[in-house]
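Comments concern the structure below.
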Amino acid sequence: MPSLQSVISCLSDYDPSALPVNQANAIIAEVLEPVRAMEQLAIRSALDRVLAHDVTSPIDVPAHDNSAMDGYAFPSQALTQAQAQGDLALDVIGTAYAGKAFAGEVQANQAVRIMTGAVMPAGCDTVIPQEFVEVQAGGNLIRFAPDQVRAGDNRRLRGEDLARGQSALRAGRILTPADLGLLASLGVPEVKVRRRLRVAFFSTGDELRSVGEPLDAGCVYDSNRYTLHGMLRRLNVELIDMGVVRDDPEAMEAAFRSACENADAIITSGGVSVGDADYTKQIMAKLGDVTFWKIAMRPGRPMAFGRIASNGHEAMLFGLPGNPVAVMVTFYHFVRAALHRLMGADVAPLPRIRARSTTPIRKKPGRTEYQRGIAAMGADGNLEVRLTGQQGSGVLRSMSEANCFIVLDHDQDTVVAGDLVEIMLFDGLI
Ligand code: AMP
Ligand code: MG
């Protein structure tokens, strides 16, 4: 694993006191390496886990040409022969069920009654759905207009879903319900996945009280541990909630050491601002290779990142700011991708889409802003977005009410009402 210092020393324009968002993310990505350990799991247990190997299909799916409809299978030569002769009449010589094929060979003037999923009988390449057919002679004869169907219709081809040897799923994929079904359709009972990431987190700040405690004068309830709990749960990591850690050098060091010895990554909130007089930063720096950034963003300027060690155990450290919205913004825009990388997951960046801002938004070039917005379809059918009220970094209600981030890039200037802005929908992110 490259050291943080070696990664940083390669950058010519590195300025830790005004670090652009992209540069911070690039440094984080370069320093991190995925956990190596894997485990073998039955596919049902592998939902939301990170696939550790490529899966190629051991079989053709479907394994045979089969019918996509309930109807009658027949050889399509009958259609060409029937041109301009009015209705086509075919003798029905048997039935093909799903799981019980018709054994005989079908001739040009013949058909076989067929159910959805049944193997196409030898000689047949086309299925006429039963609703287009007039059944006569007690089921022994069918009649239909030949223009109701074209050669090859309503037939699923062998291997059309996946051909044998074709890549079905790539290593790094976070397995979805569709993937579990796909694996089952290939007859694959188990897969190897990366072991779950262990993430320890705690809050720092002597003003913090935990839910359930009385709120003393000048104190606030610790909400960051709850948002972090929720955000981490969505990433399917193992959580180690270490509570609120007092601003006391011994308590702080013990917490960092214990976190380091039990987790792959540590997330703290609070205590990393410039003005902070507490011990958080000192202990972080004492235990490892940690840098303290001021990121050119709003909210969420201060952030510590690095690697700390205790008794031979290492863990990545993300020291997030204390303000509740800043915690969520820095989590989604730095930590989420970093944890994906640590867990070996290959996750495409979330798409940004454009929406028309119905309100002006004040913005200075030189920092990235993540304002909280509410996007909805406008009267003209196009996407519109407006700000949730107060955008202060302590106003957690803005996150709760929003359904998207309005992302105003580094160089973007003030937005005039009616301008297009980029948004990142929460759906899929949180
Ligand atoms: P700090 O980054 O430690 O200077 O904290 C910035 C602001 O966030 C202060 O107003 C803190 O009281 C508040 N804050 C810090 N940690 C938490 C927390 N865990 N829950 C709620 N607010 C917090
Ligand atoms: Mg503090």
Side-chain angles (χ1 to χ4, degrees), residues 16-19 21 24 199-233 239-256 258-259 263 265-286 290-306 317-335 367 369-372 388 390-402 430:
S17 64
L19 194 66
V21 168
V199 181
F201 59 105
F202 56 87
S203 299
T204 70
D206 279 347
E207 76 281 25
L208 302 180
R209 292 293 174 271
S210 292
V211 173
E213 289 174 0
L215 195 61
D216 302 324
C219 292
V220 292
Y221 280 121
D222 170 15
S223 59
N224 291 342
R225 243 171 351 110
Y226 288 81
T227 44
L228 280 169
H229 175 97
M231 295 187 290
L232 289 166
R233 275 272 299 275
L239 305 181
I240 307 173
D241 182 344
M242 298 179 64
V244 176
V245 176
R246 273 178 301 121
D247 188 23
D248 158 277
E250 272 165 35
M252 197 65 83
E253 178 162 348
F256 275 112
S258 152
I266 305 166
I267 302 175
T268 62
S269 71
V272 292
S273 325
V274 195
D276 267 319
D278 59 25
Y279 292 104
T280 314
K281 286 202 284 190
Q282 285 179 36
I283 307 293
M284 287 177 174
K286 176 180 168 188
V290 178
T291 77
F292 298 92
W293 287 332
K294 273 184 254 162
I295 299 182
M297 68 187 287
R298 200 170 85 157
R301 221 154 79 91
M303 189 168 111
F305 170 69
L317 172 69
F318 301 90
L320 307 186
N323 273 311
V325 181
V327 167
M328 298 195 76
V329 169
T330 47
F331 184 93
Y332 286 126
H333 297 282
F334 299 103
V335 182
R367 67 184 182 208
E369 293 194 8
Y370 300 94
Q371 309 241 4
R372 276 75 66 208
T388 60
Q390 276 243 40
Q391 294 289 307
S393 63
V395 184
L396 201 48
R397 190 162 46 85
S398 69
M399 275 300 295
S400 177
E401 284 175 4
I430 72 178

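Excluded from the calculations below are hydrogen atoms, water molecules and symmetry mates; all remaining heavy atoms, backbone and side chain alike, are included. Counting starts at 1 for both ligands and their atoms, following the listed order.
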Please list the nearest protein heavy atom to atom 12 (O) of ligand 1 with its residue and the distance rounded to 0.1 Å.
Glu207 OE2, 2.6 Å
Checking a contact table here: which protein heavy atom is nearest atom 10 (O) of ligand 1, and how many Å away?
Asn323 OD1, 4.3 Å
Treating Asp247 as the side-chain partner and Tyr279 as the backbone partner, does any N or O pair qualify as donor plus acceptor under 3.5 Å?
yes
Give the atom numbers and elements of ligand 1 that come within less than 4.0 Å of a heavy atom of Tyr221.
20 (N), 21 (C)
Measure the acute angle between the ring planes of Phe305 and Trp293, then classify it against the limits of 30° and 60° as parallel, tilted or perpendicular.
parallel
Just by modelled atom types, is the Asp206 backbone N or O under 3.5 Å from a matching donor or acceptor in the Arg246 side chain?
no
Which residues pass the salt bridge (charged side-chain N to carboxylate O under 4.0 Å, His left out) test with Lys294, sequence neighbours left out?
none
Say whether Gly205 and ligand 1 are in contact under the criterion: heavy-atom distance to a ligand atom below 4.0 Å.
no
Distance to 0.1 Å, residue and atom name: give those for the protein heavy atom nearest to atom 20 (N) of ligand 1.
Ser223 N, 3.0 Å
Look only at the side chain of Tyr221 and the backbone of Glu213, and say whether a donor-acceptor pair between them is shorter than 3.5 Å.
yes
Distance filter under 4.0 Å to Gly270 heavy atoms, resulting ligand 1 atoms:
2 (O), 3 (O)
Is a donor on one side and an acceptor on the other found under 3.5 Å between the side chain of Asp248 and the backbone of Glu250?
yes
Asp222 side-chain N/O to Asn224 backbone N/O, donor-acceptor pair under 3.5 Å
yes
Provide, to 0.1 Å, the distance between atom 14 (N) of ligand 1 and the closest protein heavy atom, together with that atom's residue and name.
Gly322 O, 3.3 Å
Is a side-chain donor or acceptor of Ser398 paired with a backbone partner of Gln391 at a separation under 3.5 angstrom?
no
Counting from 1, what ligand 1 atoms have a heavy atom of Gly271 closer than 4.0 Å?
1 (P), 2 (O), 3 (O)
Interfacing atoms of ligand 1 (cut-off 4.0 Å, heavy-atom, Ser273)
1 (P), 2 (O), 4 (O)
Could you tell me whether a side-chain N or O of Ser393 sits under 3.5 Å from a main-chain N or O of Pro324, the two making a donor and an acceptor?
no
Side chain, backbone, both or neither: the part of Leu208 lying under 4.0 Å from ligand 1 by heavy atom
side chain
Per-atom filter on ligand 1: closer than 4.0 angstrom to a heavy atom of Ser203 are 19 (N)
Would you mind checking which non-hydrogen protein atom is closest to atom 17 (C) of ligand 1, with the distance to 0.1 Å?
Asn224 ND2, 3.2 Å
Minimum-distance protein heavy atom relative to atom 22 (N) of ligand 1:
Pro324 CG, 3.8 Å
Nearest neighbour in protein (non-hydrogen) for atom 19 (N) of ligand 1
Asp222 OD1, 2.7 Å
